[in-house]
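Step one of this worksheet: look at the structure below.
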Amino acid sequence: MVVTRFAPSPTGYLHIGGLRTALFNWLWARKNNGKFRLRIEDTDLERNKQEAVEAILKAFKWVNLDWDEEVVFQSKRFDVYKKYINDLLKKGLAYKCYLTKEELEIIREAKRKGEEPPIDIRKYRDFKGELDKPYVVRFKTPLTGELCFEDGVKGKQCVKLEEIEDFVILRSDGTPTYNFVVVVDDHEMEISDIIRGDDHLRNTFKQILLYKAFGWDVPKFYHVPMIHNEKGAKLSKRDGAVDVMEYKKEGYLPEALLNFLVRLGWSYGDQEIFSIEEMIKLFDPKDINKAPSRFDKEKLNWLNSHYIKNSPNERLIKLLKEDFEVDIEDHDKKEILIDELKERVKTLKEMAQEIQKILTPPNSYDEKAVKKFINDEVISNLREFLVFLNDKNPKLPPEWHEVMNEFLNLKGIKPKALMPPLRICMVGDTKGIDLSALLSVLGKDEVKKRISKFLANFEVF
RNA sequence: GUCCCCAUCGUCUAGUGGUCUAGGAUACCGCCCUUUCACGGCGGCGACACGGGUUCGAAUCCCGUUGGGGACGCCA
């Protein structure tokens with residue numbers, strides 16, 4: 001059975017890159033009728049935040065990725081890790097190291113300069129006694145030889161074992177470290193396939209060494225390239241939204257985000273649009289690219305507008321209310337409004353702004369537009385149209401269209417002398433949804449009010 | 001600095017030795033549609049990083065150069 005997992009550390013929020021790895025793992029598990037599990041890597045007691053776990057689970061909920069069985073918290077499993085560390089200690093596969101932080105700093109400094117460190121980091125590797133000093137436990141890595149494994153994305157990966165130092169598996173405060181707990185948990189959770197960022201490639205060798213020390217089966221690894229920012233570097237907070245929930249705030253639909261992410265580093269021929277079902281059916285980690293990809297917001301926008309266009313109005317109205325405090329549930333022309341808007345906006349946020357613009361009477365008029373379309377003749381047209389409206393009762397867009405045409409014919413004037421000006425009266429400029437729809441949404445009373453307001457305003461000049 | 005990874009239009013990518021005068025998408029530009037802005041339709045611009053091999057033949061294989069990225073923690 002294919003069992004995959006996503007194992008974030010709770011330091012803040014769900015990262016957009018993390019969501020992609022989670023998605024890959026989730027898809028692979030679902031495709032194989034396997035399991036997708038969640039594990040919180042909170043062994044570093046100092047850096048963890050309780051709210052972060054909540055935030056991560058909330059993000060999962062938003063994008064609608066579910067997981068199997070209960071979430072595993074590493075902080076609750078310290079006893080288990082302790083037991084395995086003692087095993088290694090007993091077997092002589094690990095040892096207590098009494099090097100001080102100062103001594104390690106000297107070693108690290110030398111290494112950074114490319115010099116031979118004055119202190120041997122393996123100083124206590126063969127030390128037999130016990131010291132009454134704080135210690136860490138280090139894993140004994142083989143001194144010579146080569147270690148290779150077949151990566152599902154990058155192919156055969158090898159390292160000279162002399163390059164891998166005796167890494168710490170238990171801190172001096174008695175807590176185990178990442179590389180150790182990952183192996184124990186992945187084994188106990190029976191994880192079969194691990195899809196993760198290629199920044200973990202180096203760790204994989206250490207982890208395989210641990211699997212071998214315990215005599216456990218090594219899972220299949222897939223190292224996927226990082227997502228880069230526009231400049232080609234690792235995606236960070238400074239590049240804008242890296243928190244998944246930011247995208248909800250910005251008005252993105254979760255399926256648009258997932259569709260965007262799944263195509264970053266993975267493809268299926270020329271196909272761009274994937275439903276979740278299609279992703280599950282078509283995804284295979286062996287098709288993941290080796291090269292890193294950049295986060296391109298324009299493409300996300302395009303996908304988002306696609307999904308907005310194809311969403312039922314009901315859903316959009318609900319989201320508008322919940323996420324953007326724009327409540328048009330009781331508006332009698334809400335369907336017309338949404339039908340018009342969903343064709344043209346890229347985000348829900350934009351849609352909310354457009355609705356505000358339409359529903360709130362303008363308190364100023366765009367200078368350029370006024371200059372271009374308003375003159376004495378137009379003013380008198382608007383006055384007469386106001387009167388003309390008195391014994392008309394248009395409701396739907398075609399009816400408004402008809403009324404305007406009637407007026408144009410009656411007066412023998414061009415559309416330009418009425419329509420753009422009308423729009424200026426309504427919203428302050430010449431941009432926006434179809435004029436007939438706009439008038440229909442506002443309703444006759446409001447239309448008259450806004451024309452009057454404009455005329456009053458104009459007479460001040 | 002050491003080690004590792006990567007390299008097709010601006011961006012996401014198709015391509016696995018001949019079907020490539022390199023395909024799609026996005027972005028951009030133009031035209032059409034249109035009272036406006038969008039949407040949509042049509043068209044255009046635009047890439048195999050460079051240099052050597054191998055081969056009858058290379059975007060595809062090998063080597064080097066260059067460029068980019070990552071890892072070098074008692075973080076994960």
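Order of the sequence lines sets the chain letters (A, B, ...), proteins ahead of strands, with each chain counted from 1. Basis for what follows: all heavy atoms, side chains included, without hydrogens, waters or symmetry-related copies.
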Which base sits across from B/rU60 as a Watson-Crick or G-U pair, both distances under 3.5 Å? none

OP1 or OP2 of B/rA14 sitting under 4.0 Å from any side-chain N/O of A/Asn289? yes

Under 4.0 Å: is that the gap between some side-chain N or O of A/Lys299 and OP1 or OP2 of B/rU13? no

Both distances below 3.5 Å, Watson-Crick or wobble geometry, any strand: find the nucleotide opposite B/rA49. B/rU65

Minimum-distance nucleotide (side-chain atoms of A/Asp296 versus B/rC74, B/rG10, B/rU35): B/rG10

Less than 4.0 angstrom between a side-chain N/O of A/Ser267 and OP1 or OP2 of B/rA14, yes or no? yes

For A/Pro142 and A/Leu161, which heavy atoms make the closest approach, and how far apart are they? O-CB, 3.6 Å

Can you tell me if A/Thr43 touches the phosphate of B/rA76, counting only side-chain N or O atoms and a distance under 4.0 Å to OP1 or OP2? yes

Of the listed nucleotides B/rA76, B/rC5, B/rG24, the one nearest the side chain of A/Glu41: B/rA76

Side-chain N or O of A/Ser293 closer than 4.0 Å to phosphate OP1/OP2 of B/rU13: yes

Please say whether the positively charged group of A/Lys133, taken as NZ for Lys or CZ for Arg, lies over the ring of A/Tyr98, i.e. under 6.0 angstrom from the six-membered ring centre and within 45 degrees of the axis. no

Does A/Lys101 pair with A/Glu103 as a salt bridge, N-O distance under 4.0 Å? no

